[in-house]
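Right, one structure below, let's go through it.
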Amino acid sequence: MRLVSGTLEISRSGVGYVLPDDKRRKDIFIHPKDLGDAWHGDRVVVAITRERTDKHHEGRIARIIERGISTLPCRVVKRMGSDLYLCRPTDARHGMSFMVDYLPPAAGEPEPRVDDIVNVAVGEKLEFKLYSGKGLELLGAQGDVAVQERLVKLNHGIPGPFPAKTLAEAEALPEAPNEADFAGRRDLRDMDFVTIDGARARDFDDAILVHKRGHGYTLWVAIADVSHYVPEGSALDQEALERGNSYYFPQSVEPMLPERLSNGLCSLNPAVPRLAMVAEIDFSAGGKPGRTDFYPAVIQSKARLTYGQVQRALLLDDKAEQHNIAHVLPMLRTAEKLARSIGAVRTERGSLDFDLPEPEILFNLQGEAEDIRPKVRHFGHQIVEEFMIAANEAVARFLTEKDAPVLYRVHPEPDAAKLESLFKLLASTDMALKLPVHPGAGDLAGVLRDVSGSDLDFLVSRLALRTMMQASYSPKNDGHFGLASTCYCHFTSPIRRYADLVVHRSLKRAIAGLPPKAKPAHLTKVAEYISRRERVAMEAEREILKRVTVLFLSDKVGRQFTGVIGSLADFGFWVELKEVMAEGMVRLSSLSDDYYTFFPERHELIGERTGRRFRLGQAVSVELTDVDMGRLSVDLSLVEDGAATAAAPKKPKRKSGSKRRRR
């Protein structure tokens, strides 16, 4: 047998893929019947059972090398005895059950009830898909958002409290920088730097300042000098690397650095001196960069502004807000002009901007979700974004020219097959005459601009987004496709991203004329590791959003909503609701009027008898019929003539070749 070792990943549908240890190999598909006793996250040996040239090889699990988990949060299904409970994992990727022995740690402590969440230590196998377990901690009721956050953190291995050694190092640091820390730094405390962040932000990485100079501008971007307080190899540094980045949840944050640094000593709080690394960049009136300078400095922010304040003062001409920030308002007006010029240059070179809404969860005083709505975005956000991108590019160019080691932020070109499908679809629309003869990745930005505001906007934006590859970190400069940047790194958020801390250390050595310290092999390992931790953070953020969404909708079953079709499959379609920023599925089994064929290349479902169509971006009315926390699913039914559709009795399916038909 051909044997390959790797890590098993199981999807919620039950199918698995083994990610080989040898990165040159493609992932290996594992059918649910071939998983054996292996769990999601296990290191396994897989036997190749079928080799394919067009798709992934197929295999079966031959041996488990090491379990990926030793504890996991589980939901109580049934009480089996005085201290014995039948429990199932909260992570749907785990299909086993546990007989859990749980004894409250002290007299008077509550006992688990059905649907409570318990953190379980994995025991031995009792029978197929059934294992013993030891209850470690009763987390609380499944309907509590704080409990859902805790179980998501446990499911994804997100670090919690800092180790004692790390906290001891943080506590040994001063409350504020002193005069000795200012030695060798430019003193910019008299300059009108400001921070612009969300209303609830507590860690301020960056401050900005813009001056009009002749026919152009000078931009200063001051970034918290975290590397001054976190020496390489220290306990603080090792823990920051282990975490990779900060992890953000609706009601909590697991920071990369202890709060004494992240919200205190390193944070660019107003009216107090703070150490910073500064990128000083000259721009032409048209927004093109020129002279740059980089140096350590000490600054003192003159205002802690919010995006809302900037919007009201600059964009809405709110006189009261303008009065409140009058001491920095002239500088902000100059900053707005420069940001618009920089943005125009970035758009012209082909930078992509999908501008898809992000959800914002609103809570009441009891911590229950009251609403899930799109986050408000306006040019106040873009001012900061344009300046951060400009600083990141300037630092990356400087370090590259100095031949210094860089952790580049790289973003490959889109998936070629998906891109080809998108352009083939557009060739059958009104866009056909505007497409190049041989369209490619470089034409994507122009296509998005051409369809903006048209009937094709939703369709093209969603399909273009699906062609995008995952951005990551690398010591090799492969460019950033999404930003149309040939040289890019992350420099502006060292409080919450380890990659930025690495770049700061390299920048300091380059400025001082010192030889590189980071070894290429070590930099490669760091890049791979923090890229994985970033994906963990993204997956955890997506999961907690799904869980809060299901909780929020659980008492709204029977209500009707309007929405648009956001995705299709051969078994149904997903609808993005308008009244609340949530998504649910209409299964074809709930439609009784016809048999439907899915045409993936056209992103359409078509009724074979009526010719009725469901397509991407189509407006529909639906009724919420069910939510399931275990499957993290939201089920909808189509509403027609004011009433929800109901499934009709099944009739035999006809043969349909390669097309799959569903009712």
Side-chain angles (χ1 to χ4, degrees), residues 186-201 204-224 267-272 274 276 278-293 297 299-349 351 353 355 375-394 483 491-493:
R186 295 193 197 179
D187 191 342
L188 308 184
R189 282 177 285 183
D190 291 336
M191 298 180 75
D192 290 336
F193 282 94
V194 300
T195 62
I196 306 174
D197 291 274
R200 293 188 296 175
F204 309 127
D205 285 285
D206 55 90
I208 62 163
L209 172 64
V210 181
H211 283 177
K212 188 79 173 72
R213 184 163 291 179
H215 294 294
Y217 305 87
T218 299
L219 165 68
W220 288 265
V221 175
I223 305 299
S267 183
L268 304 182
N269 299 326
V272 292
R274 286 292 184 260
V278 174
E280 182 181 329
I281 313 167
D282 285 348
F283 286 90
S284 68
K288 293 187 177 180
R291 178 197 66 87
T292 60
D293 196 9
I299 72 161
Q300 188 160 311
S301 171
K302 298 302 184 291
R304 181 270 196 259
L305 304 178
T306 67
Y307 294 118
Q309 283 181 291
V310 173
Q311 180 194 29
R312 291 189 293 272
L314 287 185
L315 309 179
L316 302 181
D317 201 28
D318 185 313
K319 302 302 181 187
E321 197 65 75
Q322 289 173 352
H323 175 75
N324 292 338
I325 62 172
H327 61 300
V328 293
L329 186 58
M331 190 278 289
L332 288 176
R333 293 193 190 283
T334 305
E336 180 191 0
K337 292 177 183 176
L338 174 59
R340 291 189 185 279
S341 296
I342 295 174
V345 170
R346 195 163 57 81
T347 299
E348 181 64 27
R349 77 187 187 193
S351 182
D353 184 8
D355 200 24
K375 281 184 182 177
V376 176
R377 270 189 58 82
H378 47 74
F379 196 76
H381 294 85
Q382 195 172 339
I383 290 173
V384 177
E385 290 169 5
E386 295 295 351
F387 293 165
M388 297 306 110
I389 291 171
N392 287 336
E393 285 188 311
L483 293 173
F491 158 75
T492 54
S493 297

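Note that the structure is a prediction, hence the values are computed from the model and not measured.
A199 and T306 make their closest contact through CA-CG2, 3.9 Å (heavy atoms, listed as atom of the first residue, atom of the second, distance). When all heavy atoms of V345 and K288 are compared, the pair lying nearest together is CG2-CG, 4.1 Å. Contact between A222 and F193 at its shortest, heavy atoms only, is CB-CE2, 3.7 Å. The two residues P330 and A326 come nearest to each other via the heavy atoms CD-O, 3.5 Å. Across T292 and A394, no two heavy atoms sit closer than the pair CG2-CB, 4.3 Å. Shortest non-hydrogen contact noted between A207 and I299 is CB-CD1, 4.0 Å.
Considering only heavy atoms from C-beta on, L329 comes within 4.5 Å of L314 through its side chain. You'll find the side chain of V210 stays beyond 4.5 Å of the side chain of F283, heavy atoms only. The shortest side-chain heavy-atom distance between R274 and N269 falls under the 4.5 Å cut-off. With a 4.5 Å cut-off on side-chain heavy atoms, M388 and I208 count as touching. Put simply, the side chain of L332 reaches to within 4.5 Å of the side chain of L305, judged on heavy atoms. Considering only heavy atoms from C-beta on, Y307 comes within 4.5 Å of V384 through its side chain. Counting only heavy atoms from C-beta outward, the side chains of I342 and F387 approach each other to under 4.5 Å.
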Please step through side-chain contact (heavy atoms from CB on, under 4.5 Å) for the pair M191 and V278, ending with a clear verdict. CA-CA 13 Å; M191 298 180 75; V278 174; over 6 Å; no
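Within the 3.5 Å criterion, the main-chain N or O of F204 finds a donor-acceptor partner in the side chain of S267. Distance alone, capped at 3.5 Å, is enough to place a donor-acceptor pair between the N392 side chain and the F491 backbone. Here the side chain of H378 pairs a donor or acceptor atom with the backbone of G380 at under 3.5 angstrom. Of the possible donor and acceptor atoms, one in the side chain of R349 sits under 3.5 Å from a partner among the backbone N and O of L483. The closest donor-acceptor contact from the side chain of E280 to the backbone of W220 lies at 3.5 Å or more, if one exists at all.
Taking CG from D205 and OG from S493, the interatomic distance works out to 4.5 Å, rounded to the nearest 0.5 Å. To the nearest 0.5 Å, atom CD1 of residue I389 and atom OG1 of residue T492 are 9.0 Å apart. With rounding to the nearest 0.5 Å, the separation of CD in Q382 from CZ in R346 is 6.5 Å. With values rounded to the nearest 0.5 angstrom, E336 atom CD is found 5.5 Å from L315 atom CG. Distance check, rounded to the nearest 0.5 Å: CD of E385 to CG of D353 gives 8.0 Å. Taken to the nearest 0.5 Å, the CG atom of D206 stands 8.0 Å off from the OG1 atom of T195.
For residues 300-314, every residue pair satisfying the salt bridge (Lys or Arg N to Asp or Glu O under 4.0 Å) rule, not counting sequence neighbours, is listed here: R312-E321.
Other residues, nucleotides and ligands contribute only 12 or fewer heavy atoms inside 6.0 Å of the CZ atom of R200.
Side chains of Q322 and D317: a donor-acceptor N/O pair is present below 3.5 angstrom, by distance only.
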